[in-house]
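All ligand and atom numbering here is 1-based and tracks the order in the structure. All heavy atoms count here, side chains included; hydrogens, waters and symmetry mates do not.
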Amino acid sequence: MQNVITTDINYCQQLLKENKLVAIPTETVYGLAANAFNEKAVKQIFEMKGRPLFNPLILHIHDIAQLQQLAIAIPDKAMQLAKAFWPGALTLILAKNDFVPNSITGGKQTVGVRMPNHPVTIELLQGLDFPLAAPSANPFTRVSPTSAEHVAYYFGNRIPAILDGGPCKVGLESTIVGFDGEHPVVYRKGGISIEDIEAVVGKVTLVTENETTPQAPGMLLKHYSPNTQLVVSNTILDTIREHQHLKLGVLSFKNEFTHENVTVKTLSKQGDLEEAAKNLFAALYELDELNLDLIIAEKFPNTGLGASINDRLRRAVSN
Ligand code: TXA
Ligand code: MG
């Protein structure tokens with residue numbers, strides 16, 4: 001199974017030109033990529049993920065100039081954000097240009113676009129004359145992959161290649177920003193904090209709490225789910241005691257406590273939120289492999305990337 005993992009960029013370009021799927025590394029999470037302008041290739045992405053067709057895909061570009069071809073009526077604040085954060089963990093939702101296929105946008109009149117900050121994928125994109133449509137490379141509702149091996153676990157024998165760019169440096173999906181007229185609206189908290197976005201464009205509206213009729217369908221409450229049941233706790237030791245008859249795993253922010261019969265993953269001994277974000281999904285994935293009865297995750301401080309981490313943990317609870 002491991003031989004689908006490759007570092008050969010030319011080979012992956014060839015596959016993509018033949019309208020085949022390739023998993024690609026980005027700084028946020030790995031993506032399941034295809035030629036955005038080939039309907040058959042795009043359809044395969046939805047099939048592979050088991051993803052509903054109404055849930056739109058984002059387009060990956062390597063040059064800000066491509067934005068003008070994909071989107072129309074781009075708000076000034078969108079350009080400010082693109083200039084401030086691209087390449088990086090920011091997806092902009094913009095009014096789509098006519099030739100962006102409806103299969104990409106799930107029938108919406110808007111399109112999501114992002115320039116990833118990963119040298120391997122930028123080089124890959126530079127050799128292609130089409131953008132790559134790429135959702136996170138996980139089956140629908142599961143935890144996003146942050147390494148090539150993690151993708152291989154999900155899809156190894158079903159995709160022609162996984163382009164290995166090492167472990168993802170950010171480890172959380174991109175922050176998604178759309179616009180109500182000129183006003184920025186955050187649809188998904190992610191790898192760039194709300195504070196950093198507001199420092200560039202001023203106050204934003206958060207709609208990420210809306211789960212019944214999500215603006216971004218990825219905000220369905222059940223998402224990012226391990227198979228193992230998960231709870232979030234402010235008082236880890238109490239929660240362990242409460243469930244001590246069970247086989248437990250703990251996701252701790254910075255404390256390295258040991259407890260009999262409990263597997264503990266500490267996300268950042270230094271208490272650094274960026275380091276914790278980078279390690280979050282891999283730790284969840286590893287705990288999920290242990291056949292535990294329950295994973296107890298510590299509630300994070302609700303600032304910076306801590307807010308994005310709490311968002312993912314909250315959704316992982318809804319099994
Ligand atoms: O970091 C990321 O964004 C990763 C890497 C691979 O780039 N991609 C990713 O894609 O997380 P995906 O499909 O798993 O999540 C993208 C989210 C989905 O929830 C989708 O519903 C939303 O973006 N989205 C895409 N286009 C949209 C649109 N036009 N309007 C509203 N939401 C949109
Ligand atoms: Mg996803």
Side-chain angles (χ1 to χ4, degrees), residues 21-34 36 42 45-46 48-62 70-71 78 85-97 100-118 120-122 124-125 131-146 150-151 154 162-163 165 168-180 185-192 207-208 210-211 213-225 277 281 308 311-312 315-316:
L21 301 189
V22 173
I24 57 167
T26 84
E27 82 282 28
T28 59
V29 300
Y30 274 69
L32 187 59
V42 168
I45 294 178
F46 284 96
M48 186 80 63
K49 274 187 69 94
R51 175 165 170 144
L53 293 172
F54 66 79
N55 193 341
L57 305 178
I58 63 180
L59 300 183
H60 294 71
I61 60 173
H62 61 85
L70 302 171
F85 297 113
W86 281 356
L90 168 77
T91 294
L92 292 173
I93 306 290
L94 302 166
K96 86 178 188 73
N97 206 336
V100 174
N102 286 327
S103 51
I104 294 290
T105 64
K108 285 177 183 284
Q109 288 310 304
T110 52
V111 61
V113 187
R114 176 166 110 79
M115 190 194 298
N117 187 13
H118 197 297
V120 168
T121 288
I122 291 293
L124 178 82
L125 285 164
L132 288 174
S136 52
N138 52 281
F140 187 55
T141 77
R142 300 294 302 282
V143 177
S144 298
T146 52
H150 198 168
V151 180
Y154 284 143
I162 299 167
L163 183 54
C168 300
K169 294 211 161 82
V170 173
L172 289 176
E173 300 85 350
S174 58
T175 301
I176 301 182
V177 182
F179 294 87
D180 181 0
V185 178
V186 171
Y187 292 144
R188 176 173 74 183
K189 293 174 187 165
I192 292 174
V207 297
T208 56
N210 179 358
E211 280 123 12
T213 50
Q215 290 293 324
M219 290 296 105
L220 295 167
L221 185 55
K222 179 186 156 92
H223 214 83
Y224 314 106
S225 295
F281 288 158
S308 305
D311 174 272
R312 300 302 186 271
R315 290 170 209 285

N, O or S from Ser136 under 2.8 Å to the Mg ion (ligand 2): yes
Atom indices of ligand 1 within 4.0 angstrom of Pro56 heavy atoms, with elements: 20 (C), 21 (O), 24 (N), 25 (C), 26 (N), 27 (C), 28 (C), 33 (C)
Partner set under side-chain hydrogen bond (donor to acceptor under 3.5 Å, both in side chains) for Thr28, not counting sequence neighbours: Thr26, Arg114
Asn102 backbone acceptor or donor facing Lys96 side chain under 3.5 Å: no
Per atom 20 (C) of ligand 1, closest listed option by heavy atom (Thr26, Thr105, Asn55, Val100): Asn55
Tyr187 N/O under 3.5 Å from ligand 1 N/O: no
Donor-acceptor contact present, side-chain Lys189 to main-chain Thr175, <3.5 Å: no
Backbone N/O of Ala137 and side chain of Arg142: donor-acceptor pair under 3.5 Å: no
Residues which pass side-chain hydrogen bond (donor to acceptor under 3.5 Å, both in side chains) with Thr91, listed by chain and number, not counting sequence neighbours: Ser174
Where ligand 1 meets Gly31 - atom numbers and elements under 4.0 angstrom, heavy-atom basis: 6 (C)
Numbering as shown, the atoms of ligand 1 that approach Glu173 to under 4.0 Å (heavy-atom distance): 1 (O), 11 (O)
Interfacing atoms of ligand 1 (cut-off 4.0 Å, heavy-atom, His60): 5 (C), 6 (C), 7 (O)
Distance filter under 4.0 Å to Arg51 heavy atoms, resulting ligand 1 atoms: 12 (P), 13 (O), 14 (O), 18 (C), 20 (C)
Tyr30, any N or O under 3.5 Å of ligand 1 N or O: no
Numbered atoms and elements of ligand 1 in range of Thr110, under 4.0 angstrom, heavy atoms: 28 (C), 29 (N), 30 (N)
Between CG on residue Leu32 and CG on residue Leu21, distance to nearest 0.5 Å: 5.0 Å
Separation of Leu172 CG from Asp311 CG (nearest 0.5 Å): 9.0 Å
Value rounded to 0.5 Å, distance of CD1 in Ile162 from NE2 in His150: 11.0 Å
Ser174: numbered ligand 1 atoms lying under 4.0 Å from its heavy atoms: 1 (O), 2 (C), 3 (O)
Ile176 neighbourhood, listing ligand 1 atoms whose heavy-atom distance to it stays under 4.0 Å: 17 (C), 22 (C), 23 (O)
